[in-house]
Amino acid sequence: MSVQRPGAEQPTTELDARYSSALHPRPGAADVTATEWDEARRRLEAAEIFWVATVRPGGGPHVTPVIAAWHGGALYFSTGPGEQKARNLAHDAHCALITGGNSLTEGFDLVVEGEAEPVGDPAVLEEVIAAYEAKYGSHITSADGTFHGIGDAIRRGDAVLFAVAPVTAYGFGRDDGVYSHTRWGF
């Protein structure tokens, strides 16, 4: 897997003016700039819910919510080996993880495109389980937590852990009606 490691080269960053307020005069539009990858990564690290889009064997889309953790240059999520997204990824590893908000005039949406690779290395599994626990706290660590036991399920193989290293990522900003569209290439 070609996971970006800390200190690795930063992705190329560009503002796509076609889909940004830079082409549509309004207050603040002249100041629209591309969002730096460090800011996007910070938002990925903080986001709690992601939507993963996979491709069904027949070519149709499948989209479902997941929790995910950013670690070592990739987004990690898990699923049961028999669930639709796992079956889809076994057929076609291409996927996208999406997070953001649903307001028309405020927020920042992120799309990370790449290939999901199952993780089998026990050391990486433990690192990501620790990242999940640090990020989601009692949702994972408490016996009453929504995802309690996910670490043990991953260790036993009852849940498959996937890593998605970004190939391309997009950021869609909305700041009081001023829009930006940033593309990062890895």
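Starting from 1, each residue takes its place in the sequence as its number.
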Note to self: For a side-chain contact (heavy atoms from CB on, under 4.5 Å) check, start with the C-alpha distance between V52 and T64, then their side-chain angles and the critical distance, and finish with the verdict.
What the structure shows: CA-CA 6 Å; V52 62; T64 188; 3.7 Å; yes
Next item on the list: Could you walk me through whether C95 and F162 pass the side-chain contact (heavy atoms from CB on, under 4.5 Å) test, one step at a time?
Entry: CA-CA 11 Å; C95 68; F162 288 97; over 6 Å; no
Next item on the list: Show your reasoning for whether side-chain contact (heavy atoms from CB on, under 4.5 Å) applies to D176 and E106.
Entry: CA-CA 6 Å; D176 198 24; E106 299 295 328; 3.5 Å; yes
Checklist line | Chi angles and distances behind the side-chain contact (heavy atoms from CB on, under 4.5 Å) call for W37, T182 | finding: CA-CA 9 Å; W37 175 245; T182 303; over 6 Å; no
Next item on the list: Decide yes or no on salt bridge (charged side-chain N to carboxylate O under 4.0 Å, His left out) for R42 and E45, but give the supporting numbers first.
Entry: CA-CA 5 Å; R42 185 192 66 72; E45 291 168 350; over 6 Å; no
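Taking 4.5 Å as the limit, some side-chain heavy atom of I140 sits within range of a side-chain heavy atom of I67. Taking 4.5 Å as the limit, every side-chain heavy atom of R183 sits out of range of all side-chain heavy atoms of D16. Contact check for V66 versus T79: no side-chain heavy atoms found under the 4.5 Å cut-off. E113 places none of its side-chain heavy atoms less than 4.5 Å from the side chain of H94. Between S180 and T33 there is no side-chain heavy-atom pair separated by less than 4.5 Å. A 4.5 Å side-chain heavy-atom check between V160 and F77 finds every atom pair outside the cut-off. The shortest side-chain heavy-atom distance between F108 and T35 falls under the 4.5 Å cut-off. In this structure, V119 and L125 have side chains that are in contact, with non-hydrogen atoms separated by less than 4.5 Å.
A distance of 11.0 Å separates CH2 of W184 from OG1 of T12, quoted to the nearest 0.5 Å. Put simply, CG on L44 and NE2 on H71 are 15.0 Å apart, with the number rounded to the nearest 0.5 Å. Between the CG atom of D158 and the CG atom of D152 there is a distance of 9.5 Å, given to the nearest 0.5 Å. Residue F186 holds its CZ atom at 8.0 Å from CD of Q10, rounded to the nearest 0.5 Å. Taking CZ of R56 as the start and CZ of R87 as the end, the distance is 8.0 Å to the nearest 0.5 Å. In this structure, the separation between OG1 on T141 and CD1 on I150 is 12.5 Å, given to the nearest 0.5 Å.
For H62, the NE2 atom is densely surrounded, since the number of other residues' heavy atoms within 6.0 Å is greater than 12.
Minimum heavy-atom separation, Q84 to P57: NE2-CD, 4.5 Å. When all heavy atoms of G114 and V164 are compared, the closest pair comes out as CA-CG1, 4.0 Å. Between S78 and K85, the closest heavy-atom pair is O-CE, 4.4 Å. Pairing each heavy atom of L75 with each of A68, the nearest pair is CD2-CB, 4.2 Å. In terms of heavy-atom proximity, R174 sits nearest to L104 at CD-O, 3.1 Å. Residues A163 and Y76 come closest through the heavy atom pair CB-CE2, 3.3 Å.
No donor-acceptor distance shorter than 3.5 angstrom exists from the side chain of E39 to the backbone of E36, with no hydrogens or angles considered. Formation of a donor-acceptor pair under 3.5 Å by the Y136 side chain with backbone atoms of E48 is found in this model.
L110 and V167 end up in different hydrophobic clusters when Ile, Leu, Val, Met, Phe, Trp and Tyr side chains are linked at under 4.5 Å. V112 and V55 fall into different hydrophobic clusters, where Ile, Leu, Val, Met, Phe, Trp and Tyr are joined by side-chain heavy atoms under 4.5 Å apart, directly or via other members.
Classification of the Y170-F172 ring pair by plane angle, with boundaries at 30° and 60°, yields parallel.
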